[in-house]
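Basis for what follows: all heavy atoms, side chains included, without hydrogens, waters or symmetry-related copies.
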Amino acid sequence: MTTISGDSITELFARAVRLTIDGEKVIPRGMDTRELLDVRLLLHEPRARLLAAPSGRVLNTAFAVAETVWILSGSDAPWIYEFNGQLRQYAEDDGILRGAYGPRLRCWDGHVDQLALALATLRGDPDSRRAVIQLYDPARDAGGHRDVPCTLGYRFHLRQGRLHMATTMRSQDLWTGLPYDVFAATTLHELMASWLGVELGVYHHHVDSLHLYEHDLDKAASVLNTTVPTSGKLPSLETPWEGFDALLADVRYGRRVNHPGWDTMTAVLASYQQWKRGQREAAVAKAEDIEGALGEGLRAWYAVLRGR
Ligand SMILES: O=c1ccn([C@H]2C[C@H](O)[C@@H](COP(=O)(O)O)O2)c(=O)[nH]1
């Protein structure tokens, strides 16, 4: 097992690129990759979850926020394509992503809210080892759909007043997937800690196959020659469990909720929706008003889009 440890996703990403770029060459589904098997990434500050653009890898910050809201609200609705049109290629002919995490998370088998269950489990028995969220479902996922979940599941452990979280991935594209997957999972981590009223512990990201695609190798190599930027913590998203679904709906529909952390998320989504509607100046003006790393990230993404 390879362990990579850091205080921010940006540090973890740069260290993981350094190791994976020299990984074994394997060609699953006919696509050349460099792979490292059995990797454990430990993020000591789960709120430092936004990759701070090392050269060559600028994240679509709006998609990171949108996907997180989409997953946590239990959705598989096609509005996510407004934020990332590339995802459509993994949808079935009816436009639905069969591997979407949201319905599995909030409504497994048509009725089980795994978020509520994990929370109730830890409220009932704080030392429990049963706070498990399962995402991979062999009954659905062995059927040959285009979209098969890469995240198998999440677990939570409350120890000495700190909540730790572990995610297991069967497959992780380091360049394209990891920054978004860690963003969403660590948001869930922070929320679960806030619902329990405990401190945020360490985020563990366990990956079976960590890989870089051949077509990303040059860009990945450029990361090795740059100093790793520092990336600080995003604003707190602490909020009660009661009313959480209504809050997510407000964020999705651009309504202010008078919570600095969540209103920032709302502003990111609203700005990008303006951009997509062609109101670019208004979108950029809104992005200028977003303070901190999310605002910086969104502006960096607009600069990339302008250059295309
Ligand atoms: O949340 C996700 C979903 C997909 N992938 C990547 C991993 C693989 O490169 C590819 C899926 O291919 P298979 O492992 O299913 O072959 O998508 C991720 O990194 N994260």
Side-chain angles (χ1 to χ4, degrees), residues 1-21 36 39-68 71 151 154 156 162-169 172-194 198-207 210 212 216 219-238 260-262 264-265 268 290-301 303-304:
M1 177 188 284
T2 304
T3 299
I4 304 172
S5 197
D7 289 330
S8 71
I9 182 64
T10 309
E11 280 173 43
L12 289 182
F13 182 80
R15 287 179 193 153
V17 166
R18 192 169 292 284
L19 294 172
T20 311
I21 210 161
L36 212 56
V39 182
R40 191 170 74 128
L41 296 114
L42 304 184
L43 180 54
H44 292 278
E45 183 39 80
R47 276 172 52 196
R49 66 172 65 96
L50 185 68
L51 186 73
S55 73
R57 181 61 181 116
V58 180
L59 220 57
N60 174 352
T61 301
F63 173 61
V65 171
E67 189 187 34
T68 300
I71 293 172
T151 309
Y154 308 122
F156 301 89
R162 299 175 75 214
L163 184 75
H164 307 292
M165 174 171 168
T167 296
T168 301
M169 313 282 306
Q172 179 81 88
D173 174 356
L174 170 56
W175 194 256
T176 309
L178 179 126
Y180 297 111
D181 289 327
V182 170
F183 188 96
T186 55
T187 302
L188 170 56
H189 186 185
E190 180 186 356
L191 286 167
M192 187 64 79
S194 90
V198 300
E199 262 183 57
L200 194 50
V202 178
Y203 174 72
H204 300 234
H205 196 73
H206 299 173
V207 183
L210 184 66
L212 285 166
D216 292 324
K219 288 174 282 178
S222 74
V223 168
L224 302 182
N225 303 325
T226 50
T227 344
V228 179
T230 50
S231 52
K233 295 199 283 188
L234 294 192
S236 164
L237 294 175
E238 185 172 348
W262 286 103
T264 303
M265 305 273 268
V268 168
I290 303 173
E291 287 177 10
L294 283 171
E296 268 168 45
L298 187 60
R299 294 191 290 274
W301 178 240
V304 169

Test salt bridge (Lys or Arg N to Asp or Glu O under 4.0 Å) applied to D216 - qualifying residues, sequence neighbours left out:
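Salt bridge (Lys or Arg N to Asp or Glu O under 4.0 Å) check on D216 returns K219.
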Donor-acceptor pair, [X] side chain versus [Y] backbone, under 3.5 Å?
X	Y	value
T10	A52	yes
R47	L234	yes
R57	W175	yes
W262	L237	yes

What's the separation between atom [atom1] in [X] and atom [atom2] in [Y], rounded to the nearest 0.5 Å?
X	Y	atom1	atom2	answer
L19	T2	CG	OG1	6.5 Å
H164	H204	NE2	NE2	6.5 Å
I4	L42	CD1	CG	9.5 Å
L178	L12	CG	CG	8.0 Å
D181	E67	CG	CD	6.5 Å
M169	L210	CE	CG	9.5 Å

Residue that, paired with F13, satisfies side chain to side chain contact (heavy atoms under 4.5 Å, CB included) out of S8, S231, P179
P179
Going by ring-ring contact (aromatic ring centres under 6.0 Å, His included), name the residues that satisfy it together with [X], two or more places apart in sequence or in a different chain.
X	result
H189	none
F63	Y180
F183	none

Which pair of heavy atoms, one from [X] and one from [Y], lies closest together, and at what distance?
X	Y	value
A193	L163	N-CD2, 3.5 Å
I9	L51	CG2-N, 3.4 Å
T226	V223	OG1-O, 2.9 Å
A62	L298	CB-CD1, 4.1 Å
G297	T61	C-OG1, 3.2 Å

Taking salt bridge (charged side-chain N to carboxylate O under 4.0 Å, His left out) as the cut-off, I'd like each qualifying pair that reaches into residues 5-14, sequence neighbours left out, listed once.
E11-R15
Not counting sequence neighbours, which residues clear side chain to side chain contact (heavy atoms under 4.5 Å, CB included) with E238? List them please.
S194, S236
Go through L294 and M265 one step at a time and tell me if the side-chain contact (heavy atoms from CB on, under 4.5 Å) criterion holds.
CA-CA 8 Å; L294 283 171; M265 305 273 268; 4.2 Å; yes
Using the ring of each side chain (for Trp, its six-membered ring), is Y203 parallel, tilted or perpendicular to H205, with breaks at 30° and 60°?
tilted
Does some side-chain heavy atom of R162 sit less than 4.5 Å from a side-chain heavy atom of V202?
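Yes, close enough: below the 4.5 Å cut-off.
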Would you indicate whether the side-chain heavy atoms of L43 and L41 approach each other to under 4.5 Å?
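Result no, sub-4.5 Å side-chain heavy-atom pair not found.
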